[in-house]
Asker: 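Pasting a structure here, questions to come.
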Amino acid sequence: MVLGGRWGAAGARWSAARLASVVPAGKKTLPATSLRTGYGHPSGVHKLAIGNSSCANLPAMVDIISSLSSQTKQHLSDKVSQFTESVIREMTRQAALYGAVNLAQGFPDFPAPAEIKQAARAAIEDDVNQYAITWGAKSLRNAIARQMGVWQRIAVDPEKEITVCCGSTEAMISTLLAVCNTGDEVVIFEPFYENYGPDSVLSGARPRFVKLRPPAVDGGEWTFDEKELRAAFDKHTRAIIVNTPNNPTGKVFTRAELELIRDLCVEFDVLAITDEIYEHILYDGTAHISMASLEGMQERTVTINGMSKTYSVTGWRVGWAVGPEKITNAIRKVHDFLTVGAPAPLQEAGAAALSLPAEYYAKLAEGYRVRRDRLIPALEGAGFKCFRPRGAYYVMTDISGFGFDDDVSFVKHLVKDVGVAAVPGSSFYRDARDGARQLRFAFCKRAETLDAAAEKLEKLGKR
Ligand code: PLP
C-alpha cells in the first residue's frame, strides 16, 4: 500500500523506544496488537522477538514465523497497519502515568455551561432515552440550520442537508467514506490534525500533503505556496480538507486563501471538506469564513462542526456534517451503519447550546485569549519559540533551542522529568523529520492548570 512505512513514522519511532523498554532482549513477545499501545507495524515486532532465537531452533522459528504471519494475514487488515494509535491520546495516558500536567490533548478541564448541562438532565428526565432519528434530532438540525444562517449567511435545509454524528470525528470519516473511492486523492495541509491521515487510509484515499510554512517573522502567519497547492490537484483529486481555525498551527485561513482553494476546487471539480470545529475561538480581530459561504462553493462543500470545542463538552460526542442533498444522502447511509445515531439526550442539549446568546461566544473567545496570553510568556520564558495562534486553542512551538535529538526524546523528558505533557510535532506530519523541532501545547485549561505547568516549565530553563 502506498503509505506503508512512511505513515507510521512518528508512532514507529516513538514505539521503537517504547518497545525497547517493555520487551527485554532475548524474550519472545506477543504480536504488536497485544502490546500496551500497539504502536508500529506488527512485522517489526516479530523481527524484534525472533532475531534473538538460535539457529538450532530453525524449525521452531519457521513455525513461529508462519504462525505469526498467518495470524497477521487472517486477522488484521492491510489498512490498519498503515497508521499507529493516536499520539495525542497516548500523551494523555502518559500524563496520567507520570502525574504530569496535561497540555497535550485538546479538552477543557473546566465546567461546561450550566444551561446546557441542565438541558441534558432535562432531556434524560423527559425520557429522551431511545434512538434519535438516525441523521439527527429535528430540534438540533433546526438549530444548526438556523445558526449557519446567522453566523455565515449559509441557507441550509435541515431536512435534507444535515447529518448529526458522534462527534465531528465521525462526521469526517463518514464523509470521506461516502465520497472517496480507492485510489482517489485527498489534499491535506500539513502539519495536520492527526485523524485526517488514518481517515484517508480507511476510506481508501491517498493523502496529498501541502506544506503550511511557519511564520518567517515574529507574529507572522503560517502560509502555503500557491504553486505547491496547484500541483497537488489533478484528475485523481476527490477532495481537499481545510481546517480553519487550524489545529495545530492556530492559522485562520483568509478570504483570499479560501478563494484560491475555491478556484482550484471549481477548476478540478473537487469537493471541499471543511473542519470548522474551532469556528468561535478566534483572536486578534480575525474572522472565521466558512468555505460554503463563498460563491459557488455551497454545492461542493461539506462543512463539519460540533459541540466539543464551542461548548466544552468533548466527551458528549455530538458533531455534524452539512452538505448538498446528494452527498448528505450518502453520508447518512454511512453514518447509519457505522453508529445508527448520536446520543439522543445530548442532541437535545445541543439544540439548547446553539440557542445561547451572542455574548456566550464573545466570552468564550476572550477566555481563550486570556489563557493563550498566560501560557505563551511561560513557554517563552522556558526557552520555547512560540508561533502565536490566531484561532483554536493550541500553540505550536519551536524547540531547537533545547538541543534534544528530536521532539519525541524531548517530549519524554518533559512528561517524565519536568511534569508537563505536550504533543510531539512529528505526529502532525507525514515525515517525522518535518516535526522533529516542534511541540504543541494545548491551553484549553484553567488558570491554575496553566500556572502549574508554568511552574514546572521553569525547571527547563535551569537544565
Ligand atoms: N477536528 C479537529 C481539528 C480537532 O482538533 C478535534 C479535536 O481535537 C476534532 C476534530 C475532534 O472533534 P470531535 O470531538 O467533535 O470529534
Side-chain angles (χ1 to χ4, degrees), residues 85-92 95 102-109 112 116 136 140 144 162-177 186 188-200 202 207 212 222 240-253 272-282 288 290-291 302-322 331 335 338-339 341-343 346-347 349-350 353-354 368 389-396 421-423 425 427-429 440-445:
E85 278 185 24
S86 158
V87 179
I88 298 176
R89 268 87 79 188
E90 167 63 7
M91 286 313 303
T92 285
N102 187 1
L103 302 189
Q105 198 175 355
F107 60 83
D109 68 350
I116 76 166
L140 178 56
I144 294 166
I162 297 176
T163 312
V164 176
C165 295
C166 297
S168 66
T169 299
E170 195 237 321
M172 179 60 76
I173 186 71
S174 290
T175 302
L176 287 167
L177 286 167
V186 176
I188 300 174
F189 290 102
E190 74 167 347
F192 55 91
Y193 174 55
E194 62 173 356
N195 282 30
Y196 304 152
D199 282 353
S200 310
L202 290 171
L212 288 175
W222 290 73
I240 178 168
I241 296 177
V242 182
N243 170 215
T244 183
N246 185 262
N247 172 11
T249 64
K251 176 180 174 62
V252 178
F253 282 70
I273 304 173
T274 66
D275 180 339
E276 304 185 17
I277 188 131
Y278 298 103
E279 168 173 17
H280 297 285
I281 303 176
L282 298 161
H288 170 69
S290 278
M291 181 67 94
V302 177
T303 306
I304 289 173
N305 212 323
M307 292 185 69
S308 284
K309 314 292 177 172
T310 305
Y311 306 107
S312 308
V313 286
T314 59
W316 283 19
R317 313 312 304 133
V318 178
W320 46 88
V322 180
I331 296 170
H335 159 71
L338 277 181
T339 68
L346 303 183
Q347 291 192 53
L354 282 150
Y368 279 123
R390 303 287 183 218
Y393 50 48
Y394 308 97
V395 55
M396 267 298 240
V423 179
S427 62
F428 302 105
Y429 290 88
R440 189 201 76 176
F441 291 86
F443 54 84
C444 44
K445 308 292 171 183

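Order of appearance sets the numbers: ligands from 1, and atoms from 1 within every ligand. All residue numbers refer to positions in the sequence shown, counting from 1. Here the structure is a predicted model, which means the values were calculated and not measured.
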Asker: Please could you name the atoms of ligand 1 that S168 approaches to less than 4.0 Å, counting only its heavy atoms?
Answerer: 9 (C), 10 (C), 11 (C), 12 (O), 13 (P), 15 (O), 16 (O)
Asker: Find all atoms of ligand 1 within a distance of less than 4.0 Å from any non-hydrogen atom belonging to G167, and give their numbers and elements.
Answerer: 15 (O), 16 (O)
Asker: Do you know the tightest heavy-atom contact between Y311 and I116?
Answerer: CB-CD1, 3.7 Å
Asker: Using a 4.0 Å cutoff against the non-hydrogen atoms of N243, which atoms of ligand 1 qualify?
Answerer: 3 (C)
Asker: Can you tell me if W320 contacts ligand 1 (heavy atom of the residue under 4.0 Å from the ligand)?
Answerer: no
Asker: Distance to the ring centre below 6.0 angstrom and angle to the axis at most 45 degrees; does that hold for K309 and F107?
Answerer: no
Asker: Tell me if the aromatic rings of Y394 and Y278 count as close, with their centers under 6.0 Å from one another.
Answerer: yes
Asker: Please list, in number order, the atoms of ligand 1 under 4.0 Å from a heavy atom of R317.
Answerer: 13 (P), 14 (O), 16 (O)
Asker: I need the contact type for M172 against ligand 1. Using non-hydrogen atoms and a strict under-4.0 Å cut-off, is it side chain, backbone, both or neither?
Answerer: neither
Asker: S308 heavy atoms, cut-off 4.0 Å: which ligand 1 atoms fall inside?
Answerer: 13 (P), 14 (O), 15 (O)
Asker: Looking only at non-hydrogen atoms, find the nearest pair between Y393 and G106 and report the distance.
Answerer: OH-O, 2.8 Å
Asker: Of all the heavy atoms in F107, does at least one lie under 4.0 Å from an atom in ligand 1?
Answerer: no
Asker: Can you sort out the partners of A342 under side chain to side chain contact (heavy atoms under 4.5 Å, CB included), two or more places apart, ordered by chain and number?
Answerer: V164, C166, Q347
Asker: Would a 4.5 Å heavy-atom cut-off, applied to side chains only, mark D109 and N102 as touching?
Answerer: no
Asker: Mind checking the NE2-CD1 spacing from H288 to I281? Nearest 0.5 Å is all I need.
Answerer: 11.5 Å
Asker: Side chain or backbone of T169 under 4.0 Å from ligand 1, or both, or neither, by non-hydrogen atoms?
Answerer: both
Asker: For atom 3 (C) of ligand 1, find the nearest protein heavy atom and state the residue, atom name and distance (0.1 Å precision).
Answerer: D275 OD2, 3.3 Å
Asker: So, taking the atom named CG in N305 and the one named CD in E279, what distance separates them when rounded to the nearest 0.5 Å?
Answerer: 5.0 Å
Asker: With atom 6 (C) of ligand 1 as the reference point, say which of Y193, Y393, Y196 has the nearest heavy atom.
Answerer: Y193
Asker: Relative to the heavy atoms of Y394, which atoms of ligand 1 are at a distance of less than 4.0 Å?
Answerer: 5 (O), 8 (O)
Asker: List ligand 1 atoms under 4.0 Å from N247, heavy atoms only on the residue side.
Answerer: 3 (C), 4 (C), 5 (O)
Asker: Which pair of non-hydrogen atoms, one from N246 and one from T249, has the smallest distance, and what is that distance?
Answerer: OD1-OG1, 2.7 Å
Asker: If you count the atoms of ligand 1 from 1 in the order shown, which ones are under 4.0 Å from a heavy atom of K309?
Answerer: 6 (C), 7 (C), 8 (O)
